Structures are given as C-alpha cells and as structure tokens.
Engineer: 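Before I ask anything, let me first share the structure, which is written out below as structure tokens.
For clarity, every value in this text was computed on a predicted model and none was experimentally measured.
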Amino acid sequence: MKQQNEIVKKVLNYIEDNIEKEINVDKIARSVGYSKFYLNRLFSECTGITIYKYLQSRRLTIAAEKLIKTNDPITKIAYEAGYESQQAFSLAFKQLYVYPPKTYRNIGVFVPKQSRISLCKNFYKTKYSLFISMCKENAA
C-alpha cells in the first residue's frame with residue numbers, strides 16, 4: 001500500500017510540474033512507468049477522482065485565478081489551459097464555476113475549485129480503520 005501511495009504521489013507531482021504543458025493520461029503513464037488503466041484505477045481509488053478530471057479541474061482552477069489576477073485575454077487563458085477554442089473552454093469553465101469566464105472575471109473573486117491533492121501517510125490505514133469501525137457498528 002505504501003508503494004501505491006508513492007505511485008499516486010509521482011502522478012500528482014508530474015501533473016503539477018507539467019500543468020501548463022501539453023500532457024494527457026498516456027504521457028503521465030509513460031512518465032511513471034505503469035499502464036494508464038492501472039494508474040487511473042489506482043489514482044481514482046486513492047483520490048476519488050480520475051486523472052483526467054483532476055488535470056482538467058486543476059487547469060480550470062489556474063485559469064480562474066488568471067481571469068481574476070491578470071488582464072490576459074480569455075482566448076490566451078483558454079489556450080494555456082489546454083483548450084483549442086474559447087467556446088470549448090467556456091463550456092468546461094461554466095460546468096465547474098457556474099459562470100462563463102467573462103462573467104466570472106467581472107465578479108472579481110477567485111474561488112479555487114480544485115487545489116492540489118496531498119496524500120496523507122496513513123490514508124489506507126485510516127480508510128481500513130474506518131471500514132472496520134463501520135462494520136462493528138452495523139453488527140451491534
């Protein structure tokens with residue numbers, strides 16, 4: 001289990017180190033030396049979110065911060081977030097932030113939706129202990 005935790009940490013570090021580059025699940029899998037199917041299952045099990053969804057949410061969160069803290073054009077922010085068009089970016093942004101990018105910028109308050117995930121050392125132990133205590137309560 002410690003090894004699995006280390007693998008997920010490698011994935012998280014790779015994503016954070018390359019967040020502004022063109023990366024996808026295939027590149028991430030190659031970088032850590034595991035199949036994308038195994039990594040996705042392991043990552044989802046540990047974090048509750050798929051690698052793709054985490055990457056997308058992190059990029060949109062960074063884009064939201066740029067919308068508030070810079071005067072960069074929305075098209076530039078969309079491209080930096082990995083979107084080929086402002087329309088695709090606006091749709092994805094609105095799904096996460098409720099407002100389209102221009103409205104969000106006009107509101108002027110940055111609210112991070114997906115911060116970097118940090119795994120605690122005793123994640124599996126805590127998860128297992130919680131499961132055991134739930135079983136004992138149900139048995140009583």
Engineer: Going by an N to O cut-off under 4.0 Å, is there a salt bridge joining K66 and D72?
Structural biologist: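 So K66 does not pair with D72 through a salt bridge.
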Engineer: Do you see a donor-acceptor pair shorter than 3.5 Å between the side chains of R116 and N13?
Structural biologist: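 R116 vs N13: donor-acceptor pair found between side chains.
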Engineer: Quick one: do E80 and K76 satisfy salt bridge (Lys or Arg N to Asp or Glu O under 4.0 Å)? Show the steps, please.
Structural biologist: CA-CA 6 Å; E80 289 172 351; K76 179 182 180 201; 3.7 Å; yes
Engineer: List the atom of S35, the atom of A29, and the distance in Å for their closest heavy-atom pair.
Structural biologist: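 Heavy atoms only, the tightest pair is C-CB, 4.1 Å.
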Engineer: When rounded to the nearest 0.5 angstrom, what distance separates OG1 in T61 from CZ in R59?
Structural biologist: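 Spacing of OG1 (T61) from CZ (R59) equals 12.0 Å.
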Engineer: Suppose the criterion is ring-ring contact (aromatic ring centres under 6.0 Å, His included): which pairs have a residue in residues 6-27, not counting sequence neighbours?
Structural biologist: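 Sorted result for residues 6-27: empty, none.
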Engineer: With side chains defined as the heavy atoms from C-beta onward, is the minimum distance between Y38 and L42 less than 4.5 Å?
Structural biologist: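 With C-beta onward as the side chain, the pair touches.
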Engineer: For the atom pair OH (Y54) and CD (E16), what is the distance rounded to the nearest 0.5 Å?
Structural biologist: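 So the OH of Y54 and the CD of E16 are separated by 4.0 Å.
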Engineer: Do I74 and V109 sit in the same hydrophobic cluster, where Ile, Leu, Val, Met, Phe, Trp and Tyr count as joined when their side-chain heavy atoms come under 4.5 Å apart?
Structural biologist: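 I74 clusters together with V109.
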Engineer: Hydrophobic cluster membership, with links at side-chain heavy-atom distances under 4.5 Å among I/L/V/M/F/W/Y: are L60 and Y52 in one?
Structural biologist: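 No, L60 does not connect to Y52 through the hydrophobic network.
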Engineer: Apply ring pair (Phe, Tyr, Trp, His ring centres under 6.0 Å) to F89 and Y83, showing your working.
Structural biologist: CA-CA 6 Å; F89 171 71; Y83 291 88; 5.7 Å; yes
Engineer: Do L96 and I117 sit in the same hydrophobic cluster, where Ile, Leu, Val, Met, Phe, Trp and Tyr count as joined when their side-chain heavy atoms come under 4.5 Å apart?
Structural biologist: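 Hydrophobic grouping puts L96 apart from I117.
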Engineer: Looking at Y97, is K113 sitting on its ring face, NZ or CZ under 6.0 Å from the six-membered ring centre and within 45 degrees of the normal?
Structural biologist: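 Pair K113/Y97 counts as cation-pi.
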Engineer: Roughly how far, to the nearest 0.5 Å, is the OG atom of S31 from the CG atom of L39?
Structural biologist: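 Going from CG on L39 over to OG on S31, the span is 8.0 Å.
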Engineer: In Å, rounded to the nearest 0.5 Å, how long is the span from CD1 of I15 to NZ of K10?
Structural biologist: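 It is 14.5 Å, given to the nearest 0.5 Å.
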Engineer: For Y104 and V111, work out which heavy atoms get closest and say how close.
Structural biologist: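 The pair with the smallest heavy-atom distance is OH-N, 2.9 Å.
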Engineer: Assess whether side-chain contact (heavy atoms from CB on, under 4.5 Å) is satisfied between T70 and I77, documenting all intermediate values.
Structural biologist: CA-CA 10 Å; T70 72; I77 294 171; 4.2 Å; yes
